Amino acid sequence: MKPETSMSGDYAETISHNGHRLTPQRREVYNVLLSQRDHPSASEVFLRAKQRMPSISLATVYNCLETLVGCGLAKQVNVEREATRYCANLQEHGHFLCEDCGKVFDVPIAAGKRKERLWEVPEGFTVTHSEITLRGTCQVCSQISSTHSSNS
């Protein structure tokens, strides 16, 4: 995916409506999330942002990520005891964790389906948030595994 080089008015508006300023650091951190949708950790965001903004600190990246999540421009993705990852995909979706390579992929909800229908939520309960993480082996790792198996 091509990196987004200019920030949309919606982004600036969302930041300001939440009582924050659009800073160059927030813009850069958000661009990092948009440019490569691979669910990076804060440390990975820091390393990528530092390439274009050498003066940025890890603490600033954490603060920017916290602001982006608080404003609803990014989501935290938590996979068991791993470091928190960040996702700029705001559409309803789950995640697939490849147990071989450790990559996290977005998994869209099937067309015409609603996640609320996957469970029988007791009457009177209101679901406000859910996280769905599927685990297994991605296509690339599956192909590598089958190639190694057939060569043995």
Side-chain angles (χ1 to χ4, degrees), residues 1-119 121-122 124-142:
M1 176 174 282
K2 183 180 175 187
E4 195 169 298
T5 54
S6 65
M7 204 50 61
S8 70
D10 293 341
Y11 168 78
E13 189 174 311
T14 300
I15 290 285
S16 66
H17 281 295
N18 282 278
H20 302 285
R21 289 184 311 112
L22 175 58
T23 64
Q25 293 84 357
R26 287 185 183 131
R27 182 186 315 264
E28 184 58 34
V29 167
Y30 193 55
N31 278 336
V32 166
L33 293 179
L34 291 174
S35 68
Q36 195 173 339
R37 306 261 180 134
D38 61 346
H39 306 85
S41 67
S43 297
E44 291 167 329
V45 171
F46 168 68
L47 293 172
R48 293 174 192 176
K50 196 154 185 66
Q51 291 175 358
R52 289 189 5 188
M53 186 176 274
S55 63
I56 198 165
S57 70
L58 182 57
T60 297
V61 168
Y62 272 107
N63 290 334
C64 291
L65 289 168
E66 184 178 318
T67 299
L68 293 171
V69 169
C71 293
L73 292 168
K75 294 180 180 180
Q76 289 183 325
V77 178
N78 298 299
V79 181
E80 292 185 9
R81 296 179 184 224
E82 292 186 13
T84 298
R85 298 172 183 237
Y86 295 87
C87 178
N89 180 356
L90 301 179
Q91 302 298 313
E92 288 288 338
H93 68 283
H95 293 99
F96 182 93
L97 170 67
C98 178
E99 294 176 318
D100 288 352
C101 66
K103 291 182 181 175
V104 177
F105 303 88
D106 286 344
V107 178
I109 295 174
K113 303 292 182 187
R114 290 182 32 205
K115 68 179 180 180
E116 293 83 14
R117 295 186 181 170
L118 297 176
W119 298 277
V121 178
F125 284 52
T126 303
V127 176
T128 58
H129 177 79
S130 68
E131 292 183 30
I132 300 169
T133 302
L134 307 170
R135 302 175 74 92
T137 307
C138 71
Q139 183 179 21
V140 171
C141 291
S142 292

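Computed from a prediction, not measured in an experiment: that's the story for all the values here.
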Peer 1: Tell me, do Tyr86 and Gln76 make a side-chain contact under 4.5 Å, heavy atoms counted?
Peer 2: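 A side-chain contact exists here, since the closest heavy-atom pair is under 4.5 Å.
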Peer 1: For Asn31 and Arg52: C-alpha separation, side-chain torsions, deciding distance, then whether side chain to side chain contact (heavy atoms under 4.5 Å, CB included) applies.
Peer 2: CA-CA 11 Å; Asn31 278 336; Arg52 289 189 5 188; 4.1 Å; yes
Peer 1: Closest approach of Glu28 and Ala49, non-hydrogen atoms and distance?
Peer 2: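 So the minimum-distance heavy-atom pair works out to CG-CB, 4.0 Å.
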Peer 1: Can you see which heavy atom on Tyr30 is nearest to which on Leu73, and at what distance?
Peer 2: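 So the minimum-distance heavy-atom pair works out to CE1-O, 3.3 Å.
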Peer 1: Any side-chain heavy atom of Gln51 within less than 4.5 Å of one from Leu47?
Peer 2: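 No. Closest side-chain heavy atoms not under 4.5 Å.
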Peer 1: What distance separates Thr67 OG1 from Arg21 CZ, expressed to the nearest 0.5 Å?
Peer 2: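 One gets 11.0 Å once the value is rounded to the nearest 0.5 Å.
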Peer 1: Which of parallel (below 30°), tilted (30 to 60°) and perpendicular (above 60°) describes Phe105 and Phe96?
Peer 2: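 Tilted, since the angle between the ring planes falls between 30° and 60°.
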Peer 1: Could you tell me whether the side chain of Leu65 reaches within less than 4.5 Å of the side chain of Leu33, counting heavy atoms only?
Peer 2: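 With C-beta onward as the side chain, the pair touches.
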Peer 1: What is the minimum heavy-atom distance between Val104 and His39, and which atoms define it?
Peer 2: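 Looking at all heavy atoms of both residues, the shortest contact is O-ND1, 3.0 Å.
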Peer 1: State, yes or no, whether a side-chain contact exists between Gln91 and Asp106 at a heavy-atom distance under 4.5 Å.
Peer 2: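 No, their side chains stay 4.5 Å or more apart.
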Peer 1: So which heavy atom on Glu82 is nearest to which on Leu97, and how close?
Peer 2: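 Result for this residue pair: OE2-CD2, 4.0 Å.
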Peer 1: Could you tell me if the side chain of Ser35 sits less than 4.5 Å from the side chain of Arg48, heavy atoms only?
Peer 2: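 A side-chain contact under 4.5 Å is absent here.
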Peer 1: Looking only at heavy atoms, what is the nearest atom pair of Ala88 and Leu34, with distance?
Peer 2: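 Answer, listing the atom of Ala88 first, then Leu34: CB-CD2, 3.8 Å.
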Peer 1: Is there a side-chain contact between Leu90 and Lys75 (heavy atoms, below 4.5 Å)?
Peer 2: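 Leu90 reaches Lys75 side chain to side chain.
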Peer 1: Does a side-chain heavy-atom distance below 4.5 Å link Lys103 with Cys138?
Peer 2: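 The answer is no; the side chains never approach within 4.5 Å.
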Peer 1: If you count heavy atoms of other groups shown closer than 6.0 angstrom to CD of Gln139, is the number above 12?
Peer 2: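 12 or below, so no.
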Peer 1: Please check if atom CD in Glu66 has more than 12 non-hydrogen atoms from other residues, nucleotides or ligands closer than 6.0 Å.
Peer 2: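 No, not enclosed.
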Peer 1: First locate atom OG of Ser57, then atom CD of Gln25, and finally report the distance between them rounded to the nearest 0.5 Å.
Peer 2: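 Nearest 0.5 Å value for the OG-CD distance: 8.5 Å.
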Peer 1: State, yes or no, whether a side-chain contact exists between Val79 and His95 at a heavy-atom distance under 4.5 Å.
Peer 2: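 No, side chains not in contact.
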